[in-house]
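Below: one structure, written as structure tokens.
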Amino acid sequence: LDGLRSELSAGHTVVALIVPGHFVLIEAIEQDASIVVWDANASGILKPGKRTYTLLEWAALWQDGYCLVLPGLPPA
């Protein structure tokens, strides 16, 4: 989680591919190590929202997952 936390604190957008081939945006890693994501299907098919996963839930979802880190835009 330290790597994800450092990317987020640097202002980068982190897109995670989780099982079974679903993409989410990682929004935050909380003090208790829970992971907050924006999910296009959080409340059902094509009903977006935020979801929070415990560390164990995240580990199960992201066991073979990948992340894409998009650098933040420089200040104007």
Side-chain angles (χ1 to χ4, degrees):
L1 290 182
D2 288 338
L4 291 175
R5 188 176 279 123
S6 68
E7 294 296 346
L8 292 173
S9 66
H12 299 165
T13 300
V14 180
V15 181
L17 172 63
I18 59 175
V19 174
H22 181 68
F23 290 96
V24 296
L25 298 176
I26 299 176
E27 291 196 344
I29 299 173
E30 303 293 344
Q31 291 290 338
D32 64 357
S34 60
I35 293 89
V36 180
V37 303
W38 181 89
D39 185 342
N41 297 327
S43 301
I45 303 296
L46 298 178
K47 294 182 180 177
K50 290 185 182 183
R51 295 185 71 163
T52 300
Y53 295 102
T54 66
L55 184 56
L56 289 175
E57 291 170 330
W58 182 253
L61 287 172
W62 198 42
Q63 61 187 344
D64 293 321
Y66 294 91
C67 276
L68 173 64
V69 177
L70 303 171
L73 296 174

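All heavy atoms count here, side chains included; hydrogens, waters and symmetry mates do not. What you see is a predicted model, and the numbers here were worked out from it, not measured in a lab.
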Atom pairs and distances, donor-acceptor, side-chain atoms in residues 55-65, under 3.5 Å, two or more places apart:
residue	atom	partner	partner atom	Å
Glu57	OE1	Thr54	N	2.8
Glu57	OE1	Thr54	OG1	3.4

- Is there a chain of hydrophobic side chains (I, L, V, M, F, W, Y, each step under 4.5 Å between heavy atoms) that links Trp38 to Leu68? yes
- Item | Leu46: hydrophobic cluster co-members (side-chain, 4.5 Å) | Ile45
- Separation between CZ of Arg51 and OG of Ser43, rounded to the nearest 0.5 Å: 8.5 Å
Identify all side-chain donor-acceptor contacts of residues 5-28 below 3.5 Å with residues at least two apart in sequence or on another chain.
residue	atom	partner	partner atom	Å
Ser6	OG	Asp2	O	3.4
Ser6	OG	Gly3	O	2.9
Glu7	OE1	His12	ND1	2.6
Ser9	OG	Arg5	O	3.3
Ser9	OG	Ser6	O	3.0
His22	NE2	Asp39	OD1	2.6
Glu27	OE1	Lys50	NZ	3.1

